[in-house]
Each structure stands twice: as C-alpha cells, then as structure tokens.
Amino acid sequence: MNIYWQSFATFFRVGLFTLGGGYAMIPLIQTEVVDRHKWVSKEEFLDLIAIAQSCPGVFAANISIFIGYKLRKVPGAIVTCLGTCLPSFIIILLIAMFFRQFQDNPVVASIFRGIRPAVVALIAVPTFNLAKSAKITWSTCWIPIVCALAIWLLGVSPILVILLAAIGGYVYGTLIKPTE
C-alpha cells in the first residue's frame, strides 16, 4: 500500500476514533506508529511527544506532522496532518450545522455528562504511561506536581515553567549528573 495513503488512513482513524483531544490519542498513536507500522521506535516516540507538547499548536497535529515528516518530509507531514485534523473538522462542521436543533435536548445533555468522565480517564491513562516511560519515580514525581500546582493555583505562566524546566534539565544533565 502507498505510504501516503497508509499514513493518511492511520492518522484519519486516530482522529476519528479518539475522544478527549491529543493526550487521549497517545495510546492509539503509539499502537499504530510504534507497534503496528514501526515507523518510529518507542524512544523516538517519547521524544516526539515531548517536542510536540513544547511546540505551539494542537498536540495531535504536531505529533502527526513530526511522524509524517520523518516518513516522507514535507509531503508526508501534510498528509499525516490532514489525516489527523480532517475527522475533527468534519465532526465539528456537522455539529455546527445541527446543534441548535439538539442543544436543549435532555438526552444530548445526558450523553455529554456521561462522556466527561470517560475523557478524563482517556487523558489520565496516557499521562501515567508517559510518566512511567519518562522514568518518573516517587522521588521525582514532585516536579510535575509542583509545576501543575504553580500553574493552577498561583497562575504561573506555562511558558515560564517550560523555560525553567529546560534550564533545570540542562543544568542537571551537564553539571550535576555527570559528577554523580
């Protein structure tokens, strides 16, 4: 099968069947690109997740662009990004066309109330898997907790947190860790 069609179909399927946004897509993307197609290794995938999170824009689009670029440079990046974004675009377009007719329907409201906890679970599972893959242990789990609390409770800018984390990682990796 043509790699362009295969990568488009893979990311279209990921975009179509994943609720909850980019983080909820991580397990499905990993299954497809690491386990099934072997387009990237598990280590490369973890690095791509870190890069995609730090880049501006939609996480799922970012990671699909990086994988597409690895496969076939700019044309591959365009194809995988279209595959990821097109399902959401179509679904949002259909919802926008018909939402006024259903917005006050109690059944629709109940469906959305039922989906919310499932979306939280879809985001929580990849977060714990990423923590495990990134070798976050009980002794280092304070770092993401403090960062999250600083952003949430104190209103610290996420950009500042990312910059401080990058500086801290650089200092640790070049000055502290080699001397241990």
Side-chain angles (χ1 to χ4, degrees), residues 3 7 10-11 14-15 18-85 88 116-180:
I3 187 68
S7 61
T10 297
F11 279 97
V14 166
T18 309
L19 296 173
Y23 297 106
M25 292 179 171
I26 291 173
L28 187 54
I29 294 172
Q30 182 176 356
T31 299
E32 290 290 329
V33 304
V34 175
D35 303 332
R36 183 168 177 223
H37 296 294
K38 300 189 184 338
W39 290 333
V40 296
S41 69
K42 190 169 185 172
E43 293 76 25
E44 286 176 306
F45 186 71
L46 187 60
D47 291 341
L48 289 175
I49 289 172
I51 293 167
Q53 288 175 326
S54 355
C55 291
V58 178
F59 171 79
N62 288 347
I63 199 159
S64 68
I65 288 168
F66 293 138
I67 292 169
Y69 189 82
K70 184 179 186 316
L71 293 174
R72 290 289 188 266
K73 304 294 181 211
V74 174
I78 292 169
V79 167
T80 54
C81 185
L82 281 173
T84 301
C85 297
S88 297
R116 285 183 194 137
V119 169
V120 170
L122 287 170
I123 293 170
V125 169
T127 300
F128 291 118
N129 289 338
L130 281 173
K132 197 162 103 178
S133 297
K135 297 181 177 45
I136 293 177
T137 63
W138 288 110
S139 63
T140 59
C141 71
W142 65 270
I143 299 168
I145 291 170
V146 167
C147 292
L149 290 174
I151 293 168
W152 180 48
L153 294 176
L154 304 176
V156 175
S157 168
I159 295 169
L160 180 60
V161 171
I162 291 170
L163 289 174
L164 290 174
I167 292 167
Y170 176 77
V171 169
Y172 178 77
T174 57
L175 303 176
I176 298 170
K177 188 174 182 177
T179 59
E180 287 181 351

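Taking each heavy atom of Ile136 and Cys141 in turn, the nearest pair found is CG2-CA, 3.8 Å. Residues Cys81 and Ser64 share a closest heavy-atom pair of CA-OG, 3.5 Å. Scanning both residues, Met25 and Gly15, for their nearest heavy atoms gives CE-CA, 3.9 Å.
For the pair Leu154 and Leu149, the minimum side-chain heavy-atom distance is 4.5 Å or more. The shortest distance between side-chain heavy atoms of Gln53 and Ile49 falls below 4.5 Å. In this structure, Phe59 and Ile26 have side chains that are in contact, with non-hydrogen atoms separated by less than 4.5 Å. Residues Phe45 and Ile29 have side chains in contact (heavy-atom distance under 4.5 Å, counting atoms from C-beta outward). Looking at heavy atoms from C-beta onward, Trp39 lies out of side-chain contact with Val34 at the 4.5 angstrom threshold.
Atom CD1 in Ile78 sits 11.5 Å away from atom OG in Ser7 (nearest 0.5 Å). Distance check, rounded to the nearest 0.5 Å: CD of Glu44 to NZ of Lys70 gives 4.5 Å. Of the inter-residue distances, the one linking Ile151 atom CD1 with Leu160 atom CG reads 9.0 Å to the nearest 0.5 angstrom.
Every residue two or more places apart in sequence or in another chain that forms a side chain to side chain contact (heavy atoms under 4.5 Å, CB included) with Ile167 is listed here: Val171. Leu48 meets the side chain to side chain contact (heavy atoms under 4.5 Å, CB included) test with Val40, Ile63, Phe66, Ile67; sequence neighbours excluded.
The environment of CD1 in Ile159 is sparse: at most 12 heavy-atom neighbours from other residues, nucleotides or ligands sit within 6.0 Å.
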As a quick check of understanding, evaluate side chain to side chain contact (heavy atoms under 4.5 Å, CB included) for Phe11 and Leu82, giving each step before the final call. CA-CA 8 Å; Phe11 279 97; Leu82 281 173; over 6 Å; no
Would Arg72 and Val79 count as a side chain to side chain contact (heavy atoms under 4.5 Å, CB included) if you check the C-alpha gap in whole Å, the side-chain angles of each, and the deciding distance to 0.1 Å? CA-CA 9 Å; Arg72 290 289 188 266; Val79 167; over 6 Å; no
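Between the side chain of Lys135 and the backbone N or O of Lys132 there is no donor-acceptor pair closer than 3.5 Å. Thr84 contributes a side-chain N or O that, together with a main-chain N or O of Thr80, makes up a donor-acceptor pair within less than 3.5 Å.
For residues 139-166, no pair satisfies ring-ring contact (aromatic ring centres under 6.0 Å, His included), with sequence neighbours left out.
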